[in-house]
Colleague: 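There's a structure below that I have some questions on.
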Amino acid sequence: MEQMKRTVTCGGLTAKNEGQTIILNGWVHRNRDHGGVHFINLRDRYGETQIVVDENAPETLKKKADSLKFEYCVAMEGVVRLRPENMINPDMATGEVEVSVKEITVLNECLTLPFMIDEETDSNETARLKYRYLDLRSQGMQNRIILRNKVTYALREYLQKNDFLEIETPTLIKSTPEGARDFLVPSRLHAGRFFALPQSPQLYKQLLMVSGFDKYFQVARCYRDEDARGDRQLEFTQIDMEMSFVSRDDIFKITEGMMGHIFKESLGIDLPVEFERLTYDDAMNFYGSDKPDLRFGMAFKDFAPFVPASSFSVFKSVLEEGGAVKALVVPGAAADYSRKKISDLEETAKTYGAKGLAWMKVTADGLDGGVSKFYADQAEAICSGLEAKEGDLILLMGASWKVACNSLGAVRSRLGKDLSLIDESQFKFAWIIDFPLFEWNEEEQAWEPAHHMFSMPQEQFLETMESDPGPVKGDLYDLVLNGYELASGSIRVHDPELQQRIFNVVGFPKEVAEERFGFLLESFRYGAPPHGGIAAGLDRLVMIMAGKESIKEVIPFPKNNAGMSPMDESPATVDEDQLKDLHLDIVLPEEKSE
RNA sequence: GGAGGCGUAGCGAAGUUGGUUAUCGCGCCGGCCUGUCAAGCCGGAGAUCGCGGGUUCGAGGCCCGUCGCUUCCGCCA
């Protein structure tokens, strides 16, 4: 092997190398035998090079070239030469040159592939995950893993330059049952006790603030034992940050700077210096989502003013019950949207709890179709109020405020895709600010934290927090990008008294708080600085940058949506002895009878 | 936990209102070919149509059940 070690990579040859004798190591990407002349594309992660076996090559060499199959790992020695003028391949980085091969060594053969290794693998996901090491050979996966590396490199570079320290926090920690379900790790040394894997380094990064590490970050692996989705995995990576002596705007600034640096360094794209800001209320009222895709418009209009004068009773009772009636004007869609297509949209709305989706079309003479007869006499006022023009489709949603927003928001998102309103090349960031701190839980008949309990209420609500929790806004913020929640953070509570007041509002017993995170609360009594932070999903960020719709496309070895790995077949059963060590008995759920 | 979609050769797909030997492309095997770069041409092998049951003279297509995957809701920041 020693003498067939590569002297150059498959992406490294240009006209400048003409005449050099070189050795390449790589994989057989394509093999084209023309009888006389024979071409082999050799590939490694740096690129591809065309190898030529000339017609006057020795028979043994020709035979050897002929025996090479897809993905054989080979070493080739040869001479770099310029391709004939008319044979230059402009689509290939090394397209000016080719290597006239003198010796071929097969380093390892390859079985018949389960799928072809192309630009992108078009095989089913299970096969891709089972043979992930092959899937990762595709150009697309290689590019995305390389992009991911560029992103983590750039963010570390930026944060280090801004005096942040990268500090590791433990991944065997105490379970906190609030929020997502924890992954548990049984303790061998302490029978009946468990560690949890962190859902985030939240408590530890706050403790680091108490310790005086005033600018912290970590590329942190986090775990949540919840059902997976296209943009959610059991384990995922967060760009976790925390700062002391800062306000919300300081955190925005450093995050904007970091994103700017990441996009510039890894994609060559200039982002705006500051991102747009949108309150939670506006995001919900206008786009029906707390993570709106702002690459297209179609903001909702309020339809409530037109309800009382009409005899359409459904909307009337919605308003009487304190709900909302919202309108979505779809420009020029009246002709294209048949009853069938509108009822498809209605189905989308229904998955979000809506009971129906009303509609009407704007014609030259007023309103037509759907519920138009109830609003005929207000046609002019409605059209000017909603800024609707002839040929537009008006969709109307009446429901509780939240259902109306969410369901019409889902319809808007779908229309954005269906009508190709989205410029896929755009990256549209926005801050969503002023989230409510508390949410009313109808079932429990109690207030609960909208996010978590450690976020600071905004100053102007401090006095009325207990008497009227509903309107209390927190110093909470999300960063959204193209319709995805990319990052989430808050200014934290660092005052033990204020923290206790928040526990009281959500009915969180003092003893339980003491038992769960007493160590954090105690630390606040030792001169804890005011602090706040943010955590951004690295997988989601890279996914969006790569133009993909699943984070599995940017994670080297992801689980499938059932939370399993088809490659190693984990999770798996373990030996009795292991269970015994851990003091565990397995009780499987009973078989369904019948 | 719930809803929709999918399951046909190693991979990707087609398969009309149910009707002989289940079709196509890629890959695989054999042969031909002096410049291709998704090479081309000729030939060949390869499928109990996810599994189980039912309706029918006859099921890849219809019905019921079941399993798997997938998208979404719930859940989750």
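In what follows, every chain begins at residue 1, and chains take the letters A, B, ... in the order their sequences are listed. In what follows, every heavy atom counts, from backbone to side chain, and hydrogens, waters and symmetry copies are set aside.
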Colleague: For the side chain of Asn89(A) and the base of C37(B), is some donor closer than 3.5 Å to an acceptor across the two?
Modeller: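 Yes, the side chain and the base share a sub-3.5 Å donor-acceptor pair.
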
Colleague: How far, in whole Å, is G46(B) from A3(B) if one measures between their P atoms?
Modeller: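 Comparing P positions in A3(B) and G46(B) gives a spacing of 42 Å.
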
Colleague: Using the P atom in both, what is the distance from C11(B) to A47(B), to the nearest Å?
Modeller: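 Straight-line distance between the two P atoms is 13 Å.
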
Colleague: Could you go step by step and tell me if Asp293(A) and Arg295(A) meet the salt bridge (Lys or Arg N to Asp or Glu O under 4.0 Å) rule?
Modeller: CA-CA 6 Å; Asp293(A) 191 339; Arg295(A) 288 175 296 176; 2.7 Å; yes

Colleague: On the nucleotide A38(B), are OP1 or OP2 found under 4.0 Å from the side-chain N or O atoms that Arg30(A) carries?
Modeller: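 For A38(B), OP1/OP2 do not have a side-chain N/O of Arg30(A) under 4.0 Å.
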
Colleague: With a 4.5 Å heavy-atom cut-off, do Leu479(A) and Thr255(A) have their side chains touching?
Modeller: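 With C-beta onward as the side chain, the pair touches.
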
Colleague: Asp539(A) CG to C76(B) P: how many Å, rounded?
Modeller: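 Rounding to the nearest Å, CG of Asp539(A) and P of C76(B) are 20 Å apart.
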
Colleague: Round to the nearest Å and state the distance from Leu113(A) atom CG to A38(B) atom P.
Modeller: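 Answer to the nearest Å: 18 Å.
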
Colleague: Check the distance between A38(B)'s P and Asn31(A)'s CG and give it to me in whole angstrom.
Modeller: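 One finds 15 Å between P of A38(B) and CG of Asn31(A), rounded.
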
Colleague: What nucleotide, of C28(B), G35(B), U70(B), holds the atom closest to the side chain of Gln50(A)?
Modeller: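 Nucleotide nearest to Gln50(A)'s side chain: G35(B).
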
Colleague: If we take the P atom in both C28(B) and A22(B), what is their distance in whole Å?
Modeller: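 C28(B) and A22(B) have their P atoms separated by 26 Å.
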
Colleague: For Asp91(A) and for Phe70(A), locate the closest nucleotide of RNA chain B by heavy-atom distance; then report the residue assigned to the nucleotide nearer the 5' terminus.
Modeller: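 Result: Phe70(A).
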
Colleague: Can you tell me, in whole Å, how much space there is between the P of C26(B) and that of C41(B)?
Modeller: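 Per the computed distance, 8 Å lies between those P atoms.
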
Colleague: Under 4.0 Å, counting only non-hydrogen atoms across every strand here, what does Gly35(A) touch: a base, just sugar-phosphate, or nothing?
Modeller: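 Result for Gly35(A) = base.
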
Colleague: Hey, is Phe115(A) stacking on C11(B)? Ring centres under 5.5 Å, planes under 30°.
Modeller: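 Not stacked by the 5.5 Å and 30° rule.
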
Colleague: So which nucleotide from U34(B), C69(B), G12(B) ends up closest to the side chain of Ala562(A)?
Modeller: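 Selected nucleotide: C69(B).
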
Colleague: Taking only the side-chain nitrogens and oxygens of Arg32(A), find out if one of them lies under 4.0 Å from OP1 or OP2 of A38(B).
Modeller: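 For A38(B), neither OP1 nor OP2 has a side-chain N or O of Arg32(A) closer than 4.0 Å.
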
Colleague: Say we look at G7(B) and C42(B): how far apart would their P atoms be, to the nearest angstrom?
Modeller: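 So the two P atoms sit 31 Å from each other.
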
Colleague: Of the candidate nucleotides G27(B), U70(B), G35(B), which contains the atom at the shortest distance from the side chain of Asn560(A)?
Modeller: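 Ranking G27(B), U70(B), G35(B) by closest atom to the Asn560(A) side chain puts U70(B) first.
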
Colleague: For Asp227(A), answer base if it contacts any base atom (sugar-phosphate contacts may also be present), sugar-phosphate if it contacts only those atoms, and nothing otherwise; contact means non-hydrogen atoms under 4.0 Å.
Modeller: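 Answer is base: heavy atoms of Asp227(A) come under 4.0 Å of a base.
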
Colleague: Which part of the nucleic acid does Arg181(A) contact within heavy-atom distance under 4.0 Å: base, sugar-phosphate only, or nothing?
Modeller: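 No contact.
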
Colleague: From C-beta outward on Arg83(A), which listed nucleotide comes closest to its side chain: G35(B), G10(B), A38(B)?
Modeller: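 Of G35(B), G10(B), A38(B), G35(B) is nearest to the side chain of Arg83(A).
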
Colleague: Between Glu346(A) and Lys341(A) (salt bridge meaning N to carboxylate O under 4.0 Å), is one present in this structure?
Modeller: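 Salt bridge: no.
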
Colleague: Determine the contact category for Thr351(A): base if any of its heavy atoms lies under 4.0 Å from a base atom, sugar-phosphate if only primed atoms, P, OP1 or OP2 are that close, otherwise nothing.
Modeller: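 It contacts sugar-phosphate atoms only.
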
Colleague: If we only count heavy atoms from C-beta on, is the Asp54(A) to Val101(A) side-chain gap below 4.5 Å?
Modeller: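 No, side chains not in contact.
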
Colleague: Using the C1' atom on both, measure A9(B) against C24(B) and round to a whole Å.
Modeller: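 Pairwise C1' distance, A9(B) against C24(B), rounds to 12 Å.
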
Colleague: What's Asp33(A) touching, base or sugar-phosphate or nothing? Going by heavy atoms closer than 4.0 Å.
Modeller: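 Answer is base: heavy atoms of Asp33(A) come under 4.0 Å of a base.
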
Colleague: With under 30° as parallel and over 60° as perpendicular, where do the rings of Phe252(A) and Trp431(A) fit, or are they tilted in between?
Modeller: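 Rings of Phe252(A) and Trp431(A): parallel, under 30°.
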
Colleague: With both distances under 3.5 angstrom, what nucleotide forms a Watson-Crick or G-U wobble pair with A3(B)?
Modeller: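 When the pairing criteria are applied, U71(B) turns out to be the nucleotide that pairs with A3(B).
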
Colleague: Nearest whole Å is fine: how far is A38(B) P from Phe39(A) CZ?
Modeller: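 Spelled out: CZ on Phe39(A) to P on A38(B) is 12 Å.
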
Colleague: What does Gly95(A) touch in the nucleic acid at a heavy-atom separation under 4.0 angstrom: a base, only the sugar-phosphate, or nothing?
Modeller: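 Contact class for Gly95(A): none.
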
Colleague: In a check of side-chain hydrogen bond (donor to acceptor under 3.5 Å, both in side chains) between His531(A) and each of His494(A), Arg492(A), Gln206(A), which one passes?
Modeller: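 So, applying the side-chain hydrogen bond (donor to acceptor under 3.5 Å, both in side chains) to His531(A) and each of His494(A), Arg492(A), Gln206(A), only Gln206(A) qualifies.
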
Colleague: Could you tell me the separation between the NE2 atom of His38(A) and the P atom of C33(B), rounded to a whole number of Å?
Modeller: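 After rounding, the reported distance stands at 14 Å.
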
Colleague: Is Arg232(A) touching bases, backbone alone, or none of the nucleic acid, heavy atoms closer than 4.0 Å?
Modeller: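 Base contact.
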
Colleague: Nearest whole Å is fine: how far is G68(B) C1' from Lys559(A) NZ?
Modeller: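 In whole Å, G68(B) C1' lies 19 Å from Lys559(A) NZ.
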
Colleague: I need the CD-P distance between Glu125(A) and C11(B), as an integer number of Å.
Modeller: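 That distance rounds to 15 Å.
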
Colleague: Taking any heavy-atom pair under 4.0 Å as a contact, classify Glu347(A): base, sugar-phosphate, or nothing.
Modeller: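 If one applies the 4.0 Å heavy-atom cut-off, Glu347(A) turns out to touch nothing in the nucleic acid.
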
Colleague: Which part of the nucleic acid, if any, lies within reach of Met116(A) when heavy atoms closer than 4.0 Å are counted: base, sugar-phosphate only, or nothing?
Modeller: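 Sugar-phosphate contact only.
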
Colleague: Measuring only the P atom in each nucleotide, how far is G1(B) from A39(B)? A whole number of Å is fine.
Modeller: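 One P to the other, the span is 47 Å.
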
Colleague: Can a side-chain donor-acceptor contact be found between Glu125(A) and Asn560(A) if the only test is distance below 3.5 angstrom?
Modeller: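 No, because no side-chain N or O of Asn560(A) sits under 3.5 Å from a partner of the opposite role on Glu125(A).
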
Colleague: Reading RNA chain B from 5' onward, which residue's closest nucleotide shows up sooner: Lys69(A) or Val37(A)?
Modeller: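 Result: Lys69(A).
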
Colleague: With a non-hydrogen cut-off below 4.0 angstrom, is Arg43(A) in contact with a base, only sugar-phosphate, or nothing?
Modeller: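 Since no nucleic acid heavy atom lies under 4.0 Å of Arg43(A), the category is nothing.
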
Colleague: For a quick check of understanding: with a heavy-atom distance under 4.0 Å over all strands, which category does Ala487(A) fall into, base, sugar-phosphate or nothing?
Modeller: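 Since no nucleic acid heavy atom lies under 4.0 Å of Ala487(A), the category is nothing.
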
Colleague: What nucleic acid atoms does Asn124(A) come within less than 4.0 Å of, heavy atoms only: base, sugar-phosphate, or nothing?
Modeller: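 Contact class for Asn124(A): sugar-phosphate only.
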
Colleague: Whole-Å distance between C11(B) P and Glu71(A) CD?
Modeller: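 Result: 17 Å.
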
Colleague: With heavy atoms under 4.0 Å as the rule, sort Arg224(A) into base, sugar-phosphate or nothing.
Modeller: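 Sugar-phosphate, no base atom in range.
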
Colleague: Under a 90° cut-off about 0 for the syn range, is G4(B) syn or anti?
Modeller: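 Judged by the O4'-C1' to base torsion, G4(B) sits in anti, the angle falling more than 90° away from 0.
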
Colleague: Counting Watson-Crick and G-U wobble pairs only, both distances under 3.5 Å, name the nucleotide matched with C51(B), or none.
Modeller: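 Pairing partner, where one exists within any strand: G65(B).
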
Colleague: Would you kindly check whether a donor in the side chain of Glu55(A) faces an acceptor in the base of G35(B), or vice versa, at under 3.5 angstrom?
Modeller: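 Side chain to base: no pair below 3.5 Å.
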
Colleague: Which part of the nucleic acid, if any, lies within reach of Ala450(A) when heavy atoms closer than 4.0 Å are counted: base, sugar-phosphate only, or nothing?
Modeller: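 Counting heavy atoms under 4.0 Å across all strands, the contact made by Ala450(A) includes a base.
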
Colleague: At under 4.0 Å, does any side-chain N or O of His34(A) touch on OP1 or OP2 of U34(B)?
Modeller: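 No, His34(A) has no side-chain N/O under 4.0 Å of OP1/OP2 on U34(B).
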
Colleague: Taking only the side-chain heavy atoms of Tyr352(A) (C-beta and beyond), determine which of C76(B), C69(B), C73(B) contains the nearest atom.
Modeller: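 Side chain of Tyr352(A) sits closest to C73(B).
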
Colleague: Side chains of Lys62(A) and Thr60(A): do they bring a donor and an acceptor to under 3.5 Å?
Modeller: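 Judged by distance alone, the side chains do not pair up.
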
Colleague: Between G65(B) and G2(B), how far apart are the P atoms? Round to whole Å, please.
Modeller: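 Per the computed distance, 13 Å lies between those P atoms.
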
Colleague: Look at the aromatic rings of Phe508(A) and Phe517(A) and report parallel, tilted or perpendicular, splitting at 30° and 60°.
Modeller: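 It falls in the parallel class, under 30°.
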
